[in-house]
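Here is how names work: the chains are called A, B, and so on, in the same order as the sequence lines, proteins then strands, and each is numbered from 1. Just so you know, these numbers come straight off a predicted model, no measurement behind them.
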Number of protein chains: 2
Amino acid sequence: MTVASPRHPSRPGRAGRLSPLELRHVIRRPSQPRERGIPEATVARLPLYLRALNGMAERGLATVSSEDLAAAAGVNSAKLRKDLSHLGSYGTRGVGYDVEYLIYQISRELGLTQDWAVAIVGVGNLGRALANYGGFVSRGFRVAALLDADPEVVGDHIAGLNVEHIDELEAVIGQRGVSIVVLATPAAAAQQVADRVVAAGVTSILNFAPVVLSVPEGVDIRKVDLSIELQILAFHEQRKTDRMTGGPAMADEWPEAVDL
Amino acid sequence: MTVASPRHPSRPGRAGRLSPLELRHVIRRPSQPRERGIPEATVARLPLYLRALNGMAERGLATVSSEDLAAAAGVNSAKLRKDLSHLGSYGTRGVGYDVEYLIYQISRELGLTQDWAVAIVGVGNLGRALANYGGFVSRGFRVAALLDADPEVVGDHIAGLNVEHIDELEAVIGQRGVSIVVLATPAAAAQQVADRVVAAGVTSILNFAPVVLSVPEGVDIRKVDLSIELQILAFHEQRKTDRMTGGPAMADEWPEAVDL
DNA sequence: GTCCCTTTGTGAACCCATGCACAAAGTGGG
DNA sequence: CCCACTTTGTGCATGGGTTCACAAAGGGAC
């Protein structure tokens with residue numbers, strides 16, 4: 001999907017004429033030139049809103065209320081409105097938000113109006129799955145390289161790309177303008193690769209390896225750990241079944257002390 | 001790895017004798033029988049500590065200070081101590097925490113001393129990767145079934161398992177005691193599968209499909225969305241490069257208003 | 001036993017996030 | 001033009017999470 005740059009819907013054709021009210025808006029803007037402090041929690045939800053909005057655009061909806069959009073994204077409507085208010089005042093009271101316009105504004109805020117070259121390092125099962133994952137290209141991300149250390153997989157063709165040797169890492173990053181690296185290597189190799197990637201100038205890493213990476217100040221790391229997610233589920237599942245069967249097994253320490 | 005049930009290290013062989021101090025501990029326990037309110041943020045970090053501790057146990061460390069463990073897990077030491085204090089008072093002042101004992105306590109709290117049967121629904125690239133992911137079995141999770149709707153993949157052998165048809169879903173869940181389901185289906189199928197899974201009695205779902213699932217009260221859902229993670233990275237990356245080049249492109253709305 | 005050193009466990013202050021509730025602002029009908 | 005209705009944007013209260021800083025507790029030397 002390509003993101004166009006539509007005009008604000010509530011000011012369609014009236015190019016020159018602005019009411020006193022509109023003037024107030026425009027004049028107040030410079031004093032608050034887009035708060036450069038969007039809360040992290042809000043940023044994490046913007047992609048969610050974006051996805052819901054894209055679905056609505058496909059179904060042909062022109063506008064949407066905070067109530068409906070919040071329901072589609074699975075959040076509270078007050079939270080949604082507060083989140084959107086951090087980007088600016090893009091709604092119309094009594095009507096709602098213009099779907100296309102809001103898609104554009106969120107996309108711009110997230111930096112999706114440009115396209116990002118991504119390199120995937122580690123072409124095992126997971127790396128392969130990521131390379132084939134359709135959700136990337138559709139949102140401004142382009143897989144620009146697949147790299148691996150194993151001579152066995154180097155040269156394979158996956159998702160239309162040639163798997164290159166890890167020795168090419170720095171060259172690939174420099175030449176293809178890679179700014180985001182996805183780490184899907186074994187845990188043991190991750191830190192080493194991360195060091196090289198950072199040295200090559202990359203400051204955004206998505207890490208799938210189950211290790212805590214140490215990187216210099218200014219480098220952003222997000223991590224996805226499949227087994228951690230399962231462990232959190234197991235915790236809640238245990239609590240639920242405990243409650244049914246009447247408390248935990250009470251296999252606490254010091255069993256001898258209970259006899260007192 | 002199997003988690004044994006070691007005795008508390010500071011009370012090794014002295015079975016019957018307890019000092020007044022130890023008695024105080026034991027007696028106070030029932031009045032606070034393990035706070036059944038461990039903060040969510042803490043639960044999310046316990047797997048991290050567990051992983052770090054396992055690494056230390058493999059390297060033969062007997063005890064570890066909160067400072068060292070926190071560094072290994074990539075968190076603040078005060079946070080680590082507060083997190084652990086929610087489980088109970090398992091450290092020894094002046095010494096630190098006994099590695100094996102803490103592994104046992106965290107494992108027990110997370111419910112990893114039992115093993116969980118997991119079913120993976122959707123055997124595309126991602127499902128395949130998950131099935132082969134070693135991090136599951138090593139932590140109390142056992143992949144008990146792989147299910148898919150595509151007759152093309154049904155019957156395939158992946159990671160030692162036979163891919164079964166989605167029609168078997170309810171039977172498999174019931175017969176093999178599946179309590180956690182991993183959804184790796186296309187987005188369009190996810191809600192439908194979720195409904196069936198919930199109807200079959202499952203209350204814990206790990207969702208990889210990029211949709212907001214709606215489930216009844218009491219069902220826990222965790223979601224992992226690869227493209228959302230990338231979008232968050234893109235946001236920060238954009239901010240970083242904006243700062244270098246001196247502010248954003250300022251492609252704001254109402255370009256005509258700027259002329260005033 | 002006493003002293004000193006190390007490290008835990010936690011009170012308290014602070015910060016961020018959530019959600020309520022409502023005034024402000026816009027639409028549409030008559 | 002006026003009124004009734006809808007929906008946004010936000011002030012404020014509440015709560016949870018993080019961090020600091022320190023008293024309490026244990027170990028070890030002598």
Kindly say if A:Asn76 contacts the phosphate of C:dC20, meaning a side-chain N or O under 4.0 Å from OP1 or OP2. yes
Rounded interatomic separation in angstrom, taking OH from A:Tyr49 and P from D:dT8: 13 Å
Polar atom pairs between nucleotides 3-7 of chain D and protein, under 3.5 Å, N or O only, would you list them?
from: D:dT7; atom 1: O4'; to: A:Gly94; atom 2: N; distance (Å): 3.1

Could you list the protein-to-nucleotides 12-15 of chain C atom pairs, N/O on both sides, closer than 3.5 Å?
from: C:dA12; atom 1: N6; to: B:Lys82; atom 2: NZ; distance (Å): 3.0

Protein-nucleotide distance (B:Arg81, atom CZ; D:dT19, atom P), rounded to Å: 12 Å
Taking the side chain from B:Trp116 and the backbone from A:Gln231, do they hold a donor-acceptor pair closer than 3.5 Å? no
Just the rounded figure in Å: distance from C1' of D:dG9 to NE2 of A:His86. 11 Å
Please confirm whether the backbone N or O of A:Ile38 pairs with a side-chain atom of A:Thr42, one donor and one acceptor, at under 3.5 Å? no
Residues touching DNA chain D, which here means a heavy atom under 4.0 Å, drawn from residues 40-47 of chain B: B:Glu40, B:Ala41, B:Arg45
Looking at B:Gln192, I want to see if its CD is surrounded by more than 12 non-hydrogen atoms of other residues, nucleotides or ligands under 6.0 Å. no
Would you say that A:Leu69 contacts A:Val75 through its side chain, given a criterion of any heavy-atom pair below 4.5 Å between the two side chains? no
What is the bend of the helix from C:dG1-D:dC30 to C:dG30-D:dC1 when you compare the axis at one end with the axis at the other, using five pairs each and rounding to 10°? 10°
Would you say the ring centers of B:Tyr90 and B:Tyr101 fall short of 6.0 Å from each other? yes
Looking just at side-chain N and O atoms, do B:Ser204 and A:Glu237 make a donor-acceptor pair shorter than 3.5 Å? yes
Please check if atom CD in B:Glu67 has more than 12 non-hydrogen atoms from other residues, nucleotides or ligands closer than 6.0 Å. no
Which pairs, with at least one residue in residues 56-65 of chain A and sequence neighbours excluded, count as a side-chain hydrogen bond (donor to acceptor under 3.5 Å, both in side chains)? none
Taking atom P of C:dT10 as reference, at what distance in whole Å does atom CG of B:Leu84 sit? 11 Å
Quick one: which of D:dT18, C:dG9, C:dA21 gets closest to the side chain of B:Ser89? C:dG9
Would you sort out whether B:His236 and B:Ile232 count as a side-chain contact (heavy atoms from CB on, under 4.5 Å), showing the intermediate values? CA-CA 7 Å; B:His236 292 294; B:Ile232 296 172; 4.0 Å; yes
Roughly how many Å is it from CG in A:Leu87 to C1' in D:dT10, rounded to a whole number? 15 Å
Please evaluate residues A:Ser227 and B:Phe141 with respect to the criterion side-chain contact (heavy atoms from CB on, under 4.5 Å), reporting the C-alpha separation (whole Å), side-chain torsions for both, the decisive distance (0.1 Å), and the verdict. CA-CA 9 Å; A:Ser227 100; B:Phe141 300 99; 5.8 Å; no
Main-chain N/O of B:Ser214 paired with B:Gln191 side-chain donor or acceptor, under 3.5 Å: yes
Rounded to whole Å, CG of A:Asp83 lies from P of C:dG19 at a distance of 11 Å
Can you tell me if A:Asn54 uses its side chain to pair, donor with acceptor, with the backbone of A:Leu50 under 3.5 Å? yes
Would you say B:Lys223 has more than 12 foreign heavy atoms packed within less than 6.0 Å of its NZ? no
Whole Å only: how far is the CG atom of B:Asp98 from the C1' atom of D:dG27? 15 Å
Is there a donor in the side chain of B:Ser66 and an acceptor in the side chain of B:Arg81, or the other way round, less than 3.5 Å apart? yes
Strictly under 3.5 Å: I want the nitrogen or oxygen pairs between protein and nucleotides 3-5 of chain C, one per line.
none

Calculate the interatomic distance between B:Lys79 atom NZ and C:dC16 atom C1'; express it in whole Å. 13 Å
Does some side-chain heavy atom of B:Leu80 sit less than 4.5 Å from a side-chain heavy atom of B:Arg45? no
Provide the closest heavy-atom pair for B:Leu130 versus B:Val182 in the form atom of the first, atom of the second, distance. CD1-CG1, 3.7 Å
D:dC20, C:dG19, C:dA17: which one has an atom nearest the side-chain heavy atoms of B:Ala78? D:dC20
